[in-house]
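Below is one structure; the comments refer to it alone.
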Amino acid sequence: MALMNLIGAINHTLDYEMGRDESVVVFGEDVGLEGGVFRATVGLQEKYGAKRCFDTPIAEAAIVGTAVGMAINGLKPVAEIQFSGFAYPAFNQIISHVARMRNRTRGQRNLPLVIRMPHGGGIKALEHHSESLDTLLGHIPGLKVVTPSTPYDAKGLLLSAIRDEDPVIFLEPSKIYRAFRQEVPEDDYTIPLGKAKVLKQGTDVTVVTWGAYVHEVLKADKILQEEGINAEIIDLRTISPIDGETIIDSVQKTGRFVVIHEAAKSFGPGAELIALVNEGAFLYLEAPPTRLAGFDVTIPLPRGEHHYFLDADRMAAGIRKVVRY
Amino acid sequence: MALMNLIGAINHTLDYEMGRDESVVVFGEDVGLEGGVFRATVGLQEKYGAKRCFDTPIAEAAIVGTAVGMAINGLKPVAEIQFSGFAYPAFNQIISHVARMRNRTRGQRNLPLVIRMPHGGGIKALEHHSESLDTLLGHIPGLKVVTPSTPYDAKGLLLSAIRDEDPVIFLEPSKIYRAFRQEVPEDDYTIPLGKAKVLKQGTDVTVVTWGAYVHEVLKADKILQEEGINAEIIDLRTISPIDGETIIDSVQKTGRFVVIHEAAKSFGPGAELIALVNEGAFLYLEAPPTRLAGFDVTIPLPRGEHHYFLDADRMAAGIRKVVRY
Amino acid sequence: MLVEQYGPLKGQMLQIMDETGFIVQPDLVPDLSDEEWLELYKTMLRTRTADMKALQLQRQGRMLTYAPNTGQEAAQVGSAAAMEKNDWHVPAFRELGAWLHRGVPLETVYLYWYGNEYGSKFPEGVKNLPIAVPIGSQLAHGVGLAMASNIKGERDVTVAYIGDGGTSIGDFSEALNFAGVFEAPIVFIIQNNQYAISVARHKQTKAETLVQKAVAAGIPGILVDGNDLMAMYAATKDAIDRARQGGGPTLIEAYTYRLGAHTTSDDPTKYREDSEVEKWKPKDPIKRMKAYLISRGVWSEEQDEAFQEEYGEYALEVFRKVEAEGEPKVEDLFKYTYKEMPAHIREQYEEYLEYLEGKVE
Amino acid sequence: MLVEQYGPLKGQMLQIMDETGFIVQPDLVPDLSDEEWLELYKTMLRTRTADMKALQLQRQGRMLTYAPNTGQEAAQVGSAAAMEKNDWHVPAFRELGAWLHRGVPLETVYLYWYGNEYGSKFPEGVKNLPIAVPIGSQLAHGVGLAMASNIKGERDVTVAYIGDGGTSIGDFSEALNFAGVFEAPIVFIIQNNQYAISVARHKQTKAETLVQKAVAAGIPGILVDGNDLMAMYAATKDAIDRARQGGGPTLIEAYTYRLGAHTTSDDPTKYREDSEVEKWKPKDPIKRMKAYLISRGVWSEEQDEAFQEEYGEYALEVFRKVEAEGEPKVEDLFKYTYKEMPAHIREQYEEYLEYLEGKVE
Ligand SMILES: Cc1ncc(C[n+]2csc(CCOP(=O)(O)OP(=O)(O)O)c2C)c(N)n1
Ligand SMILES: Cc1ncc(C[n+]2csc(CCOP(=O)(O)OP(=O)(O)O)c2C)c(N)n1
Ligand SMILES: [Mg+2]
Ligand SMILES: [Mg+2]
C-alpha cells in the first residue's frame, strides 16, 4: 500500500504493467523524455527504454492509427492523447477502425489497446482543454469507455483496460489528478469494466455521476443529508457499455433519478441514462428523471467556467427539486 | 412547379441560390466536372464556372477548414462531404471551429456555411457509407443539423440553411434521393430551421422520426390504422436545435411516445427525445417512452443490413406494443 | 540501390521492360526464373479474369458495387511478389492482384464485394489487413505494424498501398512522417492510376510527381513504371530489403492507369476522353508480360486463352458458392462487436430473434 | 526571386544581418528607412516587454497559463510587417509580435490569456483570426480566406503561422496541398523554434529542413534566419508580392529558437540542456537589431531602457484594466452560440439566472 494521488496511481499502474508484460508500450506527445504534460508517464522511458515508452510527432490520427497496427501485431499499446479536446483529429481512426476492426474481421483482428486522455474541465485551462467526450465516444459500438474517480479505481480500472481484449478509451478526470491521495495497493488487482459502483446506499433518490463530479456530488450529499434527504449515489465508472442493471435496481428502489454530468445537456450522456431508466423503471418513477448538466454552449474560458461547471450547491439544489417534486 | 426527386430538388436549389447570390460557392470531391457521385451538383460548374463550383483534393478536414476561411472572407460556402461516413476526418474542424468560431469571437466572425452530406443507410453500399451522425453532430453546441424527408422540404430547408448566418449541417437521406418525385415550386420559398412538422394528427401515440424513415413510418401507420390505432406522426426536420415544443405538445395529447431512428440506440438521438419528453410531459405519460433504433453494433454490410434497418412491419410492431402497454 | 538513380527528385522513372515486352535494362532484371515470372503472370491473368467476371456478375445484379483493377495488375502483383510470406500486407481497397498472390482466396474477395463481413477474414497465416474504405486511414496501421516489428525485434516488413487521390489526405503525410521518425520497416506503394473517381491526378496536387512527397518526410522514394511487372518487383524488393536491414521506409510511386471505371457505380466518359484511355491501352501490363513470356517460349496465346477460360469458369463457380452461402446469420450481426457480448447487445439480439419468430408464426 | 537561391532544397538559409547586427548582404536589405526599422524594432521590444510582464503576472497568480514569445520577435514582426493592412493574418497561438504590429490592442491579448473570450474579438478593421489552439487547424482557414480572395477577384494576401511541431499533423500537408492546387495567395510561416513542448525538432520529422515539406505540395519555399528581422521581412515580402500577383503560395521556414518555456506550465530544464539555450542567446533577434540601430545612430541603450520601462508600466496598467473588467457577464456565456438564442439555451440561461438569484437571497 502507498499513498497516491490519481496521476500517481496511473503512473504506478503503467509502470506495474510494463514491468509485468513486455508487450505493453506507452507513447504519445511528450510522454517520453518529459514524462507527459501531467507527468503520467514520468520515469517510464528511463526504466523501460525508448522502444517501449516514446514521444511521437504531433499527429493524433497517426498516434491512434499506429496503435491499431501495433495491437494487431502483438503489442498492447497504451496511447496518450494530450487532452481529450485533441482527440478529434483521431476520431476517424477511433470510430472507423478502433471500434470496428474486430467486427469487420469477424473476430480475427482484436485490438487490445488503450487510449488514455485527460478529460473534463474545471482546471482553468485554455480552450479545448475541458472537453467531455462521453456521448461522442459512448455512442460508438465497439468501444469501451471508462473513467475513474479515485486513485484506487484508477489502478483497478486501468489494469482491466490494458488487459481487456477490446479497445478501451480511458478518460482521466484531470481536475482531480492531484486533488487527494488514497491508499493504493502495490500488488495486482483489477476492477471489472462495465460495472457501476454504489458509493452510498439511499432511499430517496438515485444520483448517478462519474469522474471529477463524484466528489462534488458527495459534497452535495452532505448538504442534503442535513436536510434529511437520503440519496443513493452511484459512480458510473464505465460510460459504455453502461451498467443498466445497477441503475435500474436503484431507481426501482428510490423512485427518483438524477444524472449529473459535465458534458452539454442536449444529446448528452444523461439522456441515455434517462432513456434506460424509462425502459427499466417506468412504473416506479415518482418524479421526472432529471439531468443536471452542462449548458448547451461551448465550455467557457477560465473566467466563465465556474458558471458552467456545477458545484455542490447547484447540484444539491437540483437534487432537492427532484426529491420535493 | 416541376416534378423533382430529392436529389433533383437539391441540384435545383443549389442552382437557384447560386444564380441569386454570387457569394454562394459549391465544392467538394467530384462535385465539379462530374457533378457529384450522386449528381447533386451536376451542371453547376458549366453554368457558374470553376471558380464557384469546383473539385477538391481528397481531404475532408481541408474541405471544411477552407469553408471556414471562405465564410469569414465573405462567401457562403456549401461544401459537400461525399458520404457522412467520411465526415470523421473533418470532425476536428467541425467541432473545434465550425461550431465555435462565433462564440469564440463573441459574435465577430460568423460562419454562414453549409456542409451537405448523403446520410443514413439502406442503400446496400460499402462499409462507412450508411452512417447516422445525428447524435455526434446534434450534441455539438453551435451547429444546426437539418435533414429533409421530401423534395419539397429539401428545397425549403436548404434555402434556409444557405441563408442562415449560423453553420448548418445538411444531412441528405441518400436512400430516398431518387425514391419518388414531388411537385416543387421553382420560385423562392423557405422552411424555417428548428421546427418539426406534424405529418399526421393522431390521438393514441406520438411517433417522431426523420429522414428516410419518415416514409417507412408512414407505411407502418397504414398498418396500424387498419388496426384502429391512430398515431400522431412528426417529422423532426431539424435534429438540432430540437423543436421540443411540438413534440411535448403532442405527447401531452397522446400520452405515449415512440422515437424511431437509424442510428445505434445507445447514446442515440432517441435518448435525447425521451429525456425531453420526460422533462415536458412526465405527468401525461401512460407508457414508457420508447426507442425503435439501430442495434448497438456497426451497421452491417449490405447482406445483413435488412436486419439492422427497420421496415414498416417492425416499426408497427414496436409502436403497437407501446399503444397496448 | 535503385533510389539513388530513380529517387524522388531525379525525374527518372524505373522501367525494365518496355511496352512491347522488350527488356530495356537487362542488368536490372530481378533474379527470377522464367517459371517464376510465368507464375506471377498467371496471377495477373487471374486478377484480370476475376475482375471481368465480377463486372459481368455486377451487371447481372448478382454482385454489388465492385472496384475493378484492370490495368493495375503489375503494380499489385509485382509489389506483393517481392514480399515474404511473413511480411504484412496493408491494402487500400483496389489490390486484387496482391491479394491473390498473398493467398487470399478468391471466395473471400468475392464475399467482400458481395457485401458480407466474412470477406475481411482471411485464412490462418495470411498476414493481410482488410480493406480500409476511409481513404488513407490504412497507412498508419501499416506503420504501426512495422513499428511493432521493430519493437519486438522481428524482421517482418510491411507493405502498404494507397491511391493517387489518397496522397492528399493528412493521414498520408502523418504516416510517412511517423515511418521516417521511427525508421519503420515499411514500403508505401502509391498506385497512381491517374484518377480519384473523376478527379484527374493533376488536380490532386501541384506536385509534379507523387513520389516527391517522400521529401516532406525525409524518406527515400522511387518512381516506377507501374505497368512493368519487373520494375515493380525490383523496386519493391530493393525497398523491402533495405527496410529489413534497418534502413527504414521507402515511398514507391507506381505510375499506372485505371483502364476501367472507378467502381461499377460510375461512368468515366463523364470526366475523361476515350482518346486518353486508348493511349494507355498499349501500355497494358498484361499485354507486355505476355509478349515477353511468349518470346521466352514458356507461354502461348492458346495457353493464355485456355487459362483465362478455365479461371473464368472457376471464378463463376466460386461466386455461385458465395451466392449460396453468403447471407449472414442473424447472430453474426451481434457476435463480433466485443469479445464478450455485453448485456445490452444480448438483449437487442434476443428481442430481435423474438420479433423474427413472431413474424414467422 | 529569393526562392531561387534559398528554395527548399538549396541548403541555404537567407540571412541579411548577422548576429552582431552587421549587414552581410547589403543588396538584399529591404527598402525601409531607419525610422521604419526603428518602428519595427520598437514593436519587437514591446513584444518582449509585454511578455516579461505577463510572465511576472503569471507568477503572481494573476494571469493564467501564458505562452511566451522570447526569441521569436523577429520572425513575428518581420513577417507581419511585410503585410498590407488589408491582408489577412492567421496565427497559431504564439504570435504576439505580429498581433501588436497588426493593431491588436495589448489589452485584447492579455484578456485572452486572462481567460476571457473577448480576447478573441478584435477592433473593426483588424483582419486577424483568433488563436487556434488545435495544432495545425488554422492553416486551412488561411487557405480558405485566400481562396475567397481569389474567387472574389480581390488582391488581399493571407499570412498564416504554424510551429515546427505543427508540421507533423495532417492539417499542415492538406492546407499546403490545397493552396498549391488552388493557387491560393497565401504565405505559410513556420516558426521553427526547435521545440514542440518537450519534443525537439529532430524528433518531429526525419526531414532535414521543414521548408522541404513544400516539395510535397509542389509549392516554393524558403529557409530564413528567423532571428533576422530584415531577412524575415524580405522573404515574406517577396512571397506576398508573388502571391498578390497571382503566383500562388509560399512556405517560409523561420529558423529561430524558443528562449523561454513552452508555456508557464512547463519546465524546459526537464528536456533540454542549459548549454543549448546559452548557445542561442547571442543570436537574440532584439540584441542584433538594437546593435544595428545604435550603429545607425537612431537609437541608444538609454532610450532602449527607458522604452522598456515605459512600456512595462503601460503593460501593467493594461493588465490592471483587464483584471478589473475581465470577468465575463453571465449572459456572455449564452449569447454567442447562435445568432439568435434558441429556446433551449434561453431556458437554460433563465433557469441559471433564477438559481443565482435564489442563491443571493
Ligand atoms: C476519407 C474518404 N473520403 C472520400 C472517400 C470516397 N472515395 C472512395 S474512393 C475515392 C477515390 C480514391 O482515389 P485514389 O486514392 O486515387 O484510389 P483509386 O480509386 O484510384 O484506386 C474516394 C474519394 C473515401 N472512401 N474516404
Ligand atoms: C491537435 C493538438 N494536439 C496537441 C496539442 C497540445 N499542444 C499545444 S502546443 C503543442 C506543441 C506545439 O509545438 P509547435 O507547433 O512547435 O509550436 P510552439 O509551441 O513551439 O510555438 C502541443 C502538442 C494541441 N494544441 N493540438
Ligand atoms: Mg487513383
Ligand atoms: Mg515549436
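In what follows, every chain begins at residue 1, and chains take the letters A, B, ... in the order their sequences are listed. As the structure is a prediction and not an experimental result, all values here were calculated from the model.
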Side chain / backbone / both / neither for [X] at chain B, heavy atoms under 4.5 Å:
| X | answer |
| --- | --- |
| D:Lys152 | side chain |
| D:Phe182 | side chain |
| D:Ser149 | both |
| D:Asp332 | both |
| D:Leu139 | neither |

Measuring heavy-atom distances to chain D, does [X] have an atom under 4.5 Å in its side chain, in its backbone, in both, or in neither?
| X | answer |
| --- | --- |
| B:Thr105 | both |
| B:Ile72 | both |
| B:Ile242 | neither |
| B:Ser23 | neither |
| B:Val64 | neither |
| B:Arg106 | both |
| B:Ala67 | neither |

Between B:Phe91 and B:Tyr88, does the ring centre distance come in under 6.0 Å? yes
B:Ile239 and side-chain contact (heavy atoms from CB on, under 4.5 Å): which partner among B:Thr135, B:Leu137, B:Asp134, B:Leu143? B:Asp134
Between D:His141, D:His344, D:Met147, D:Glu124, which has the largest tally of heavy atom pairs under 4.5 Å with chain B? D:His141
If you count heavy-atom pairs under 4.5 Å between each of [options] and chain D, which one has the most?
| options | answer |
| --- | --- |
| B:Ser96, B:Pro89, B:Ala61 | B:Ala61 |
| B:Met70, B:Arg109, B:Glu245, B:Arg102 | B:Arg102 |
| B:Arg52, B:His97, B:Met101, B:Glu165 | B:His97 |

Can a donor-acceptor pair be found between the side chains of B:Ser250 and B:Thr206 at a distance below 3.5 Å? yes
Decide whether B:Thr209 and B:His261 meet the rule of one side-chain donor and one side-chain acceptor closer than 3.5 Å. no
Taking D:Tyr110 for the side chain and D:Ala50 for the main chain, is one N or O donor matched with an acceptor at less than 3.5 Å? yes
Going through the distances and angles, do B:Val78 and B:Val24 end up as a side chain to side chain contact (heavy atoms under 4.5 Å, CB included)? CA-CA 7 Å; B:Val78 181; B:Val24 176; 4.0 Å; yes
Would you sort out whether B:Asp166 and B:Lys144 count as a salt bridge (charged side-chain N to carboxylate O under 4.0 Å, His left out), showing the intermediate values? CA-CA 7 Å; B:Asp166 292 317; B:Lys144 293 180 177 172; 3.2 Å; yes
Return yes when atom CD of D:Glu331 has more than 12 non-hydrogen atoms of other residues, nucleotides or ligands closer than 6.0 Å, and no otherwise. yes
Please step through salt bridge (charged side-chain N to carboxylate O under 4.0 Å, His left out) for the pair B:Asp21 and B:Lys76, ending with a clear verdict. CA-CA 9 Å; B:Asp21 178 354; B:Lys76 290 188 181 161; 3.2 Å; yes
Evaluate D:His262 against D:Arg94 for side chain to side chain contact (heavy atoms under 4.5 Å, CB included), listing each step before the verdict. CA-CA 10 Å; D:His262 168 68; D:Arg94 198 193 297 281; 3.0 Å; yes
